[in-house]
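Numbered from 1 within each chain, the chains take letters A, B, ... in sequence-line order.
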2 protein chains.
Amino acid sequence: MLTERKRHILRAIIDDYVLNAEPVGSKYLVDKYKLGVSSATVRNEMSELEELGYLEKPHTSAGRVPSDKGYRAYIDLLLDLKPVSQTDQDKIESFFSDHMNEVTTLVRQSANVLSEQTDFPSLVISPRYSDTSLEQIKLLMIEPGKALVVVVLSPGIVKDRMIRIPHEIKQEDLHLISKIIEQKLSGQKLDQITLITISAAAEDVPVPEALLNQVLFEAYVSIKQAENIELYIQGTHRLFNHPEFQELSLAKSFLDTMHEEGIVAGYMSEWESMNVDLELTETNDVEEIEQLNKTRQEQPYMKENPSYMVRIGQEITLKGLEECSFITAAYKITNKITGRIGVIGPKRMEYGKIISQINFINYTLDQQIMELASGYDRKEDINGEKKEEQA
Amino acid sequence: MLTERKRHILRAIIDDYVLNAEPVGSKYLVDKYKLGVSSATVRNEMSELEELGYLEKPHTSAGRVPSDKGYRAYIDLLLDLKPVSQTDQDKIESFFSDHMNEVTTLVRQSANVLSEQTDFPSLVISPRYSDTSLEQIKLLMIEPGKALVVVVLSPGIVKDRMIRIPHEIKQEDLHLISKIIEQKLSGQKLDQITLITISAAAEDVPVPEALLNQVLFEAYVSIKQAENIELYIQGTHRLFNHPEFQELSLAKSFLDTMHEEGIVAGYMSEWESMNVDLELTETNDVEEIEQLNKTRQEQPYMKENPSYMVRIGQEITLKGLEECSFITAAYKITNKITGRIGVIGPKRMEYGKIISQINFINYTLDQQIMELASGYDRKEDINGEKKEEQA
DNA sequence: TTTTAGCACTCTTCAGCTTAGAGTGCCAAA
DNA sequence: TTTGGCACTCTAAGCTGAAGAGTGCTAAAA
């Protein structure tokens, strides 16, 4: 089906097209990649590759460009992950400075680095926290009528929110309420906590019910809000560094879709539950899968992080992104709680490079989160010069 | 100098150009605006307006377009603020939902509304908090090795940040430290608080110095962080709804500049100390200024909010924005603490409409902040249906 | 003195045409 | 199965001419 030579040619075409953004022709290919056969032969091969669906022609007298299926095959069979250069590794690590003590900050920072490193827009979504359990909930009096709710989830995630409370509620009341509902609720899964549960928990607090209810309601909203999946998009302006988005209509529909936060977040979070193997769906050739697995095992970071996922063109079911590719990886807060980080750009991407970058960044992020969770003690130097070798 | 007729013509040209984005010619102008004179006369006027610098020609045989000076004159002399329609008022007010209990949320929400209402990117900067005083500082134990610092500034602004602390620090230690430094520091201006001040404040806390210092340092960083001016940009994608940004190079330089957060924030925060009258610099004609003041007093929201500012084209000293206009207004948290909210778009803007929108949104924002500050008690309904009439 | 009609002139835009070049597909020979 | 050769197709770029829009200027009218 896909002979060695066809693969070779396909890879060369994609590599070249990715680099130069121009349809590639047979003669040029033979010259540049020293294929050792004549252009006519390559022409025949190319036309067969086209018949098989891996290539397509913008018009009769242009060269070929990869189709979605072509890219798919490239990713699944031909991908050559470039190791991340030491410079890049250093750059990425240096982005994670000392003073990020919150998972959200770390995650956002990863998106920033990712976008900067790849020159594409990047995005992250937070994990779905619904079946995480509540660890602490504190109510902190800020001033009469105002309080801060601090919700701590079990992997050390902290969310907070200002609420208004009745003026009659005193510091001590708040403290009491806080203590009691924490006692009763802590350990429960977020999605099992309801307004009723909370009210029940606080039923014997000696505070007039009307007042109490207001506080409880706000506390409830705060907890529910902690469940929200958050989306963070970064670097959309970099899109314009790439020729495919000179076409303004494309750029516009891209941006418009990206700004539909709900839709994007929903789309991305769906994946969370999906099987990693999913990207193989198009390829049901056993031999090919084997080769893929072999390839993977040879790559750095891949052992740590075999969780990247690529969606190409039509595979993306968000309207407006049909001409894009979406590369994501799952980062973990714990083994069960994972979010997703990724870049999105034109299909014409340097997959090898970018996937490596994502893998490395994701790997680093995971490390950082672990370090954070382990409650690592800061070194003595107060000016933030801490440096730590990684395993 | 600027005769009545010239003004009339100038206004007509700008109104028309703003609407249709095409150079306007003499014949068209006479026909459409029933000027009651012949096109030849208008031609003469136009060529004089050009000599005076109010108009310019893209090329010999095109119509005229307004120059920066032309727009300036339009804003200063000819501006006709459109009242905000009831529908728009309702829409804007409905954006400020019940559950926003933090100034930052309100402010950001304003930027969202502003961008949506005007179809231009919007931005806000937070006030400069350096000479605001610290009201409270709390250290909240999250888990061994981790704490949350909550910094409350005097107008009820709350900022928080996770820190790492030595494992040896116990809940009670933290509580004690927190209490003592709050006692000593509260009431001080942020920019007067230094690491030394803090260390001095906590000197007789019975905790080993090395451990204590780590906590104090983190607390210090948190306070300093509260001083940071924050910039929030919204709706950049709307740029592409406007024909001037079809030219990709323009859009690109715009976006690139906007993403230099530091530069934009610095630029905007400079204005904070500036005089409102500054926008008159170009016009030193006494009669004109009088007319301007008269115009202003007749406008709605203007009495409440005479603080908008317009920068046109070359007046903006940020590179990449030379072809834009920047309209901002100052929102207040207190009389002395103000931030700025604004939109940025092509010079070809419906100034009258947009300034009214900004004014109204800003007005609403100020109301909301006041209401928040006054510690307004929520009505009894627990499902957030509260509706309140405004003065 | 101001306004106006008229006309020549300038410049852009667009459609239509031509040409050069790139690449293909196919055939017949190696 | 591979290759050289050639006819064919299609695009990109440049050129031309015509149409249209708008101006500036002049001389006459108000």
Side-chain angles (χ1 to χ4, degrees), chain A residues 1-10 12-17 19-67 70 243-244 246-247, chain B residues 1-10 12-17 19-67 70 243-244 246-247:
Chain A
M1 197 188 234
L2 264 193
T3 61
E4 185 56 34
R5 189 166 72 188
K6 280 204 182 56
R7 285 184 189 186
H8 193 70
I9 290 176
L10 181 58
I13 290 175
I14 296 185
D15 282 341
D16 201 272
Y17 180 65
L19 230 57
N20 304 314
E22 255 157 45
V24 358
S26 54
K27 187 158 179 303
Y28 169 86
L29 205 62
V30 171
D31 291 354
K32 179 143 174 205
Y33 293 84
K34 317 212 166 58
L35 300 182
V37 287
S38 79
S39 68
T41 310
V42 174
R43 262 201 300 285
N44 290 332
E45 292 285 54
M46 281 165 87
S47 100
E48 280 175 56
L49 280 167
E50 185 177 357
E51 241 163 65
L52 291 169
Y54 294 104
L55 295 178
E56 45 199 37
K57 277 188 298 203
H59 55 83
T60 23
S61 82
R64 303 297 208 297
V65 298
S67 65
E244 18 277 291
Q246 303 302 89
E247 188 64 45
Chain B
M1 200 187 228
L2 264 193
T3 62
E4 185 56 36
R5 190 168 69 188
K6 281 203 181 59
R7 286 184 189 186
H8 194 70
I9 291 176
L10 182 57
I13 290 175
I14 296 185
D15 283 342
D16 199 273
Y17 181 65
L19 231 59
N20 305 314
E22 255 158 43
V24 358
S26 54
K27 185 157 182 307
Y28 169 85
L29 205 62
V30 172
D31 290 356
K32 180 143 175 205
Y33 293 85
K34 315 210 166 63
L35 299 182
V37 286
S38 78
S39 69
T41 309
V42 174
R43 258 199 306 282
N44 290 330
E45 293 284 55
M46 282 166 86
S47 100
E48 282 176 53
L49 280 169
E50 185 177 356
E51 243 162 62
L52 291 169
Y54 294 104
L55 295 178
E56 44 199 38
K57 279 187 296 204
H59 56 84
T60 23
S61 81
R64 302 296 208 298
V65 298
S67 65
E244 17 279 290
Q246 304 302 91
E247 186 66 43

Quiz item: Taking for each residue the nucleotide of DNA chain C with the nearest heavy atom, is it B:S39 or B:H59 whose nucleotide lies nearer the 5' end?
Solution: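 In this pair, the answer is B:S39.
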
Quiz item: Can you check whether B:E56's main-chain N or O pairs, donor with acceptor, with B:S67's side chain at less than 3.5 Å?
Solution: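 Not at all, since once roles are kept as given, no pair shorter than 3.5 Å links the two residues.
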
Taking [atom1] from [X] and [atom2] from [N], how many angstroms apart are they, rounded to a whole number?
| X | N | atom1 | atom2 | result |
| --- | --- | --- | --- | --- |
| B:E51 | D:dC25 | CD | C1' | 14 Å |
| A:I9 | D:dT2 | CD1 | C1' | 13 Å |
| B:D31 | D:dA21 | CG | P | 12 Å |
| A:K27 | D:dG4 | NZ | C1' | 13 Å |
| B:L35 | C:dT3 | CG | P | 13 Å |
| A:E45 | C:dT24 | CD | P | 13 Å |
| A:L55 | C:dT24 | CG | C1' | 14 Å |
| B:Y28 | D:dT23 | OH | C1' | 18 Å |

Quiz item: What is the nucleic acid contact for B:A40, judged by heavy atoms within less than 4.0 Å: base, sugar-phosphate only, or nothing?
Solution: base

Practice problem: Ignoring backbone atoms, establish whether B:S26 has a side-chain N or O less than 4.0 Å from OP1 or OP2 of D:dT23. | Solution: yes

Does any N or O donor sit under 3.5 Å from an N or O acceptor when you compare the side chain of [X] with the base of [N]?
| X | N | answer |
| --- | --- | --- |
| B:R43 | C:dG6 | yes |
| A:R64 | C:dG25 | no |
| A:T60 | D:dC10 | no |

Quiz prompt | 5' precedence on DNA chain D between B:G63 and B:N44 (nearest-nucleotide basis) | solution = B:G63

Quiz item: Out of curiosity, B:L29 CG to B:M46 CE, how far, rounded to the nearest 0.5 Å?
Solution: 6.0 Å

